Amino acid sequence: MTAASAAATGRGPSRFGFVKGFLWAVRILAVFGILWGSYFSITGGRLSFDQWKDLMVFGVAQGSVYALIALGYTMVYGVLGFINFAHGEVFMSGAMIGFFAANYLNQTGLWASQPFLSLFIVLLVCMTASTLVAVGVERVAYRPLRNAPRLIPLITSIGASFFLQYAFRGLFGAGVKSYPAVRALDGAWNVLGFRVIKTQGIVILAAVGMMVLLYLLVERTKTGRAMRAVAEDQEIARLMGVDVDRTIVTVFAVGGAMAGVAGLLWGLVFQQVFFFTGFLPGIKAFTSAVLGGIGNIVGAMVGGLVLGAVESIGPSLVLAGLGVPAAHQLKDVVAFLALVLVLVFRPTGIMGERLAEERA
Amino acid sequence: MAQTVDARQALPERELVPSPPVDLGAAVKWGLIAGMTAVFVSAIGMVQAFEVRSVVVGVDLGYLVLFGAALVFGYAAARPGEQLEGFLAPERGVRNVAAGLIAGLVGGAVLWLFVLLIGAVDIRSVFPSVSPQLRDLLTFGRGAGFAAAALIGGFGLVGALGGGIPVLPERIRAPLVNALAWVLAFGLFEDLFAQIFRGAKVPFLEDLLYQPGGGLSLVGALIVFVLFFAVYLSTASRRETVRSRIATMSPSERRRWVGVGLVVAIVILAVLPQILGNFLSEVFDLAGIFLMMALGLNIVVGYAGLLDLGYVAFFAVGAYTTAVLTSPGSPRWSPEMTFVAALPFIVLAAAMAGIMVGTPVLRMRGDYLAIVTLGFGEIARLLFLSDWLKPYFGGAQGILQIPPLELGPLTFRSSLDFFYPIYAFVLVFAYVSWALQNSRIGRGWMAMREDEPVAEVMGVDVVKAKLTAFVIGAILASFGGALFAHKIGSVFPHSFQILVSIVVLVIIIVGGIGSIPGVVVGALILVGAPELLREFAEFRYLIYGVLLIFMMLKKPEGFIPSRQRARELHQEEMMQDAWLRKEEEAAAAAGS
C-alpha cells in the first residue's frame, strides 16, 4: 500500500464520521418528529376517530392505485434493471383514452343504464391503450439500448416521459377532462366499522383482484416462469430456450395493462385527468416500489398501500401535530420524504429487494 | 494462442465480401414511419401553428416540417448500412435514390389517407387540432384530388432528394448539407439576423436577403447558400489539419490559446448587446442564466456522473436567498442588502443546500440518486409554495420588489445592461469548469464516474468528491438564481418547476456531457431558439423529449462532444475501426 492511499484511508473515518453523524441526525430527527407530532395530534383531538378511519380508507384506496402502477416499475426493474420513468405516462395515457370511451358511453346513455358493463368496456379500453403505449415505448426507446449503462435508458425514459406528456397535450388538448360520475356507486358501505365510500371500495377490490391475477401469472404460468428466468439471467434464459425479447415485451405489456387499470381507477376516484396527471402518481408509484423492495412484486403491493396510507394520514398526524398550518398542502412532501427516509434507513425496502446483492 | 497466430497469417488471403445493398423492403417501413410522423405533427397542431412563419421564398415552417419528415426518413431509408468487419464499403447509386423515393411515396400516401379520413369523419371532439383549417392546409386549399397528387408526388420527390444525399461524394455532401442548414437558420431566425444587420449598421443586407412578407427572398437564399457552400468547400481540407494540430498541442500552448479565446470572447461580448438591442438581449440574458446552470450541472452530471434531476432546487435557493436579503418586500425580515453584500450568504445557503441534498444520496446508486434528487427538487418548490413557510417566503404570492442589480457604482436595469453581469459570470464559470476539469479533483470525479469502487481503491475520496461536486454545482445554480431574481424583480414558486431541471439536463446532453463548448452552444440554441420562435413555445418540451431519446439512441456523447467522453463511449467501435484499417493495409500490402 502506498503512502498516499494509506493517508486516504487514514483520513477516511473522520469524514465518514461526519456523514454518518448527519445521517443519524436525520434518522433521530425523523423518529422524534413522527412521535412528537403524532402524540400532539392524537392528544389534541383535532380529528375524531371516525375521521382518522376515513383518511385511512382513502389512503388505502389511493395506495392501491399506486400499487398497480408500482407493479410496472418493479417488473421492469426486476427484468431490465432500470427505472422506466415514462411509466407514469403509460398510466396517464390509459386514464386519458379511457376518458374518451367513458364520455362516449355517457353520451349514448349506456353509462347510466348499464354502469358495470360500461365500466368493463372502459376498463378494456384503458388497458389496451396503456399496453400499446408501454410496448411502443419499449420498442422505440429501450430495445436499442439493451446493453447500455443503466443511466442511459433512464435518461431516454425521461425523454419518453416528456414526449408522451406533450404529445397527449397536443393531440387531446391541454384542458382537464372530467370522467362522468357513476351513479350506481354513490353512497358507502360499512365494513368492520370502517365507512367505505363505494367508489373507493371498488378501487380497492379491483386493485387487489388484479394483483392476485398478476401474482398467479408470474408464479404459476409458463410465461411467468420465463419472466423470472429472464430477470435472473438473460443469457442463461436465452440458452434455456426462452425468447428474451418476447418475454421483455410481455413484461412491458403486463405492466402497461396494470397501469391501464390504475388509470380507470384514478378516473373513478379523482374524476379528473389531464396530460400532467401521470407525473406525480408515477413518482409515488416508484417510491412505493422502492418502499416495498424494488424487483419484488408483493413488495410493490405492500409499498403502494403503505405509501397511500402514509400520504393520507401523515400530514394530519405528524405535521399538523408539529404545528404546521395547512398540512395537507405538504402531502407530496411527505411522500418524497418517505422515499428519502426509506433509502437512508433501509435501501432494500420493507420486503427486501430481490436483486439487492447483485445490483447494489 | 497458436490459433490466433494462424488467423493473423491467413488474413491477407481472405477476400472482402461486398456489403448488402440498400434494402428496398425496409424503405416501405421507413415510408410508413414518415407518414405517421407527418400525421402526428399535423394532429398535434404543429403544421398549423408554424404556418405563420415564412422561412424561404414564401414557404412556411409548417410545410417545411411536414415535408421535412419525407426528407429525413427518405435519407434514413437510403442510408447505407455500417461497414462491418471484412466487408467492402457499401455501394451508393440509383438504388439509394429509389429507396428514398419509395419511402417518400409511401409516406405521402399515408398522409393522404389521413386527409381523406378527416374529410369523411369529424374527429375534432377528440383531437381539437384536427380542424377544417388543417384540412385546407393539407389539401393546399384545392380539394382531395389535388392533395393526392401534391402530397404523394411532393413526398416522393423530397424523399428521393433525401435518398440522394448518401450518393453524393463526401467532399460535396458535408458542405451542401451545412449550407442548406444555414439557409434554414437564416430563414428561421430572421429577427436575429435582421437586428444584427441593423445593429452593425449594414441595414441594406436586410433588404437584400429578406423579403417584405417575412422569410428569405430567392436572391437572399441563393446568396446565403453559395456563400456558406464556398466557405465549407474551401476550408474542408484545412479544418482537419487544424483539428489534429489542436489535438497535439502541448498544455502550455493550449493554455495560451484558451487565453486568446477568452480575450476574443470578451471583446465580442462587450460589443454584442449594443448590436442586439433590448429585445434580443433579453433572449440572450435568459439563455445566459440557463447557461450558468448548465455549466453547474455539467460538473455534477458530466464530470462526477451524478444524475441530479432536482437541480432546480439550488436555482430556487439562490433566487429566494437573494429575494429575502435584498427586497424591501420580503415578508418577515428584510435587511435590504446590496447584491454584493448578499453574495456570501447566497453562496453559503447554496453550499448548505448542496450538502443537505448530497449527504443522504452519497451511498445511493445512480438511478436511485436521480429519483431522490428529483424528489428534493419538488420538496423545495412545495415548501416555498406552502402556507407553512408563507411568513418567510410569501407562499404563492412570492416576493416582489427585488431591486435592480448593483455592483459598486454600476446599476443594471434594462435587459441590455443585464447582459454584461450575466455573461461576465458565465465567462468566470466557464473558466472555472475548464480549470476544474484538469485539476486533481476533476480527475477524481471522472475516475469516479467511470467506476466508483475502482476510483475509491485508487485513492479518490469518494465522499469528498461527491459532496464537492454537489456544492460547486449548487453554487453555480444559485448564482443563476440570484441574477434571475434581480433581473425579473420578483420570485414565485411557479418559476422553479421540475421542467427547469429537465431543460438544463437536455442542454448538457444535447451539447455534449462534460464538454464546455457543447454546453455553451446547447444553452444558446435550446433556450434562445424557442424564445425567438414564439410559436415553438407549445411544442418546446415535446421537442426536448424527442431530442433526449434521439441523443441517447444515436449520439450519447452529444453534438459537440468532449473528446475523452466520446472515446469512452465509442471505445469498441474505435477498436473495430483500427482493426479494419489494419485489415485494409494488410490487403493492400498483399496486393502490391
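Values below: all heavy atoms of this structure, side chains included; hydrogens, waters and symmetry mates excluded. Everything numeric here is computed off the predicted structure, so don't read it as measured data.
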Below 4.5 Å, heavy-atom pairs only: which of [options] has the largest tally toward chain A?
options                                : result
B:Thr359, B:Val462, B:Ile549, B:Asp367 : B:Asp367
B:Ser129, B:Pro360, B:Gly45            : B:Pro360
B:Asp387, B:Val130, B:Leu548           : B:Asp387
B:Val506, B:Val126, B:Leu553, B:Ile379 : B:Val126
B:Leu542, B:Leu505, B:Ile355           : B:Leu542
B:Val361, B:Leu499, B:Leu467           : B:Leu499

| CD of B:Gln48 to CG of B:Leu134: how many Å apart, nearest 0.5 Å? |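 The CG atom of B:Leu134 is 5.0 Å from CD of B:Gln48, to the nearest 0.5 Å.
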Could you tell me whether [X] and [Y] have their ring centroids closer than 6.0 angstrom?
X        : Y        : answer
A:Phe85  : A:Tyr142 : no
A:Phe274 : A:Phe172 : no
A:Phe279 : A:Phe276 : yes

Tell me, for [X] versus chain A, whether the close heavy atoms (under 4.5 Å) come from the side chain, the backbone, both or neither.
X        : value
B:Met551 : neither
B:Ala43  : both
B:Leu389 : neither
B:Tyr541 : both
B:Ile543 : neither
B:Leu547 : neither
B:Phe376 : side chain

Q: Please state whether the side chain, the backbone, both or neither of A:Val333 comes within less than 4.5 Å of a heavy atom of chain B.
A: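 Contact with chain B is through both the backbone and side chain of A:Val333.
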### Message
Which atoms of A:Leu337 are under 4.5 Å from chain B, going by heavy atoms: the side chain, the backbone, both sets, or neither?
### Response
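A:Leu337 touches chain B through backbone and side-chain heavy atoms alike.
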Would you call B:Arg540 and B:Glu535 a salt bridge, taking side-chain N to carboxylate O under 4.0 Å as the test?
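A salt bridge is absent here (no side-chain N lies under 4.0 Å from a carboxylate O).
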Going by the angle between their ring planes, with limits at 30° and 60°, are [X] and [Y] parallel, tilted or perpendicular?
X        : Y        : answer
B:Phe40  : A:Phe163 : tilted
B:Tyr368 : A:Tyr77  : tilted
B:Phe50  : B:Phe536 : tilted

Find the one option among [options] whose heavy-atom pairs under 4.5 Å with chain B are most numerous.
options                                : value
A:Ile283, A:Leu339, A:Ile155, A:Ile158 : A:Ile155
A:Ile83, A:Leu154, A:Leu23             : A:Ile83
A:Thr287, A:Thr156, A:Leu330           : A:Thr156

Is there a side-chain contact between B:Arg443 and B:Met446 in this structure, where contact means two heavy atoms from C-beta onward sitting under 4.5 Å apart?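 With C-beta onward as the side chain, the pair stays apart.
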**Asked** Does A:Phe275 have A:Arg169 sitting over its ring (NZ/CZ under 6.0 Å from centre, angle to axis within 45°)?
**Response**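 Positive - A:Arg169 is close enough to the ring of A:Phe275 and near enough to its axis.
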Donor on one side chain, acceptor on other, B:Glu538 and A:Tyr166, under 3.5 Å
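No pair is found: no donor N or O on one side chain lies under 3.5 Å from an acceptor on the other.
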